[in-house]
Amino acid sequence: MSAVLQSGTPTDDTDPLRGPTGRAVRSGAFGNAVALSCRACGARQPLGAEFACQECFGPLEVAYAPDAQVTRAQIEAGPQTIWRYQPLLPVPADVAGLPGTDPGMTRLVRAHRLGRELGIKKLWVKDDSGNPTHSFKDRVVAVALAAARELGFTVLACPSTGNLANAVAAAAARAGIRSVVLIPQDLERPKVLATAVYGGTLVAVDGTYDDVNRLATEIAAEHEDWAFVNVNVRPYYAEGSKTLGFEVAEQLGWRLPRQVVVPVASGSQLTKIDKGFGELVRHGLVDDTPYTIFGAQAAGCSPVAAAFRDGHDVVRPVRPDTIAKSLAIGNPADGPYVLDSVRRTGGAVESVTDDEIRAGIALLSRTEGIFAETAGGVTVATLKKLVEAGRLDPEAETVVFNTGDGLKTLDAIAGEVGPTATIASSYDAFEAAGLG
Ligand SMILES: *Cc1c(COP(=O)(O)O)cnc(C)c1O
């Protein structure tokens, strides 16, 4: 028998495994969440391990009790992790007992020097490389794992572009359960090794992420006790991204920023930052001030930017070819909803070339001492492009998201940077190299 998902307390082998489907949900298991609702047609269904609407096959998202009470004081008294936002997440009230790596409350850095360089008056970097496995994916995995436990799953799984693999393998290890991770075989070596080290099952697939995702969906249909965090428990997983928006608002002193620049892979993160801002307003936790959301993609995988540019509502899939592998989803599930968010808020989706991405990584490092992975290079380069094009207001307060750590994508800059000089170990050699 495999271990039941539990943390904090040892596994109770006498506790029978619950099946993932068709089970009554324990009262309070999902906090203030009350149902799954379809983003396309609005139909509701009970909380469970479902991701597609039974009426129209549209994507499901978590809906909450409209009268749920949430206060700033309650949040501020919580732990220094995403669990401080428990009343706004589909997780039980007892956050001390939640499994996983306890991500969140990463730093929000005032970027004076980058701002000066780009001509932006008030710029912040939300630096999510500080999470336990060094990307924002720890947030979504933590919420997915909590839901998976409540739904009785026994294995944590995912198809991944890299960072999700790290986060799932680590969280499963910490919860004492098996992980099964599927990746495209051409991923960056640090992301492969930083997944394998946790000891789960890691399968490198000969294909693109979109091929891997399709395979994972087939496997999920056959293995009913496997929680694929971004497939069959995706509605819960996606809620984890709201915490990026919650934290930015709280760290700014409980107010919304005027503009945000967010990377887009499947598009889930961007749409959930938007949802998070809306929930803060609805609960009276921040004033209802306008905000504009910009999306950032790599030119080598920019189906959402292309749809935005062409004024389309439909996102046409592409075959990715970019150094920004963590964003390389050619058929983004939430693409149309990204278009909704940016159009509704007066933003845009823009794309940048691999050279611009490398320059973006270097720019952020040189000005702020923050070494981003390629996805961070995408957002910084997109920020620069948007300012130069006059689309982003340089007078308005702006937050740019760095979602991952540069140490995982060293190859991207290996040809660009290196020692200033290589010398013999003598003072004469140092002088001769003109380094004084
Ligand atoms: C997965 C990922 C994203 C984007 O995620 P989506 O929610 O799929 O759009 C952004 N940055 C990094 C570093 C990622 O790993």
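Whatever order the structure lists ligands and atoms in, that order sets their numbers, starting from 1. Counting from 1, the numbers follow the sequence of the chain as shown.
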Open item on the list: Please determine whether the number of non-hydrogen atoms from other residues, nucleotides or ligands lying under 6.0 Å from atom CG of Asp310 exceeds 12.
Closed with: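 For Asp310, atom CG is crowded (more than 12 foreign heavy atoms under 6.0 Å).
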Open item on the list: I need the atoms of ligand 1 closer than 4.0 Å to a non-hydrogen atom of Gly267, numbered in the order shown.
Closed with: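 Under 4.0 Å from Gly267, ligand 1 has these atoms: 6 (P), 8 (O), 9 (O).
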Checking contacts here: is it the side chain or the backbone of [X] that comes within 4.0 Å of ligand 1, counting heavy atoms only? Could be both or neither.
X	result
Ala375	side chain
Leu327	side chain
Thr403	both

Hey, is the main chain of [Y] close enough, under 3.5 Å, to the side chain of [X] for a donor-acceptor pair?
X	Y	result
Arg358	Ala412	yes
Thr398	Pro394	no
Arg72	Leu285	yes
Lys385	Ser351	yes

Task: Protein contact to atom 14 (C) of ligand 1 [nearest heavy atom, distance to 0.1 Å] - done: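 Here the closest protein heavy atom is Lys137 NZ, 2.9 Å.
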- [ ] May I ask you to identify the nearest protein heavy atom to atom 7 (O) of ligand 1, giving residue, atom name and distance to one decimal place in Å?
- [x]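 Minimum-distance protein heavy atom for atom 7 (O) of ligand 1 reads Gln269 N, 2.8 Å.
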Task: Thr161 touching ligand 1 at heavy-atom level, < 4.0 angstrom - done: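 No, that is not the case, since the closest heavy atom of the residue is not under 4.0 Å from the ligand.
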Task: Sub-4.0 Å heavy-atom contact, Pro263 with ligand 1 - done: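 Contact present.
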TODO: Report yes or no: is the cationic atom of Arg39 (NZ for Lys, CZ for Arg) under 6.0 Å from the centre of the six-membered ring of Tyr337, at an angle within 45° of the ring normal?
DONE: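 Pair Arg39/Tyr337 counts as cation-pi.
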Open item on the list: Regarding atom 8 (O) of ligand 1: of the candidates Ala328, Ser266, Ala167, Ser268, which has the closest heavy atom?
Closed with: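 Looking at heavy atoms only, the winner is Ser266.
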Open item on the list: Does Asp127 form a side-chain contact (heavy atoms from CB on, under 4.5 Å) with Leu108? I'd like the steps, not just the answer.
Closed with: CA-CA 6 Å; Asp127 183 16; Leu108 180 70; over 6 Å; no
TODO: State whether the shortest distance between N or O atoms of Ala265 and N or O atoms of ligand 1 falls below 3.5 angstrom.
DONE: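 Yes.
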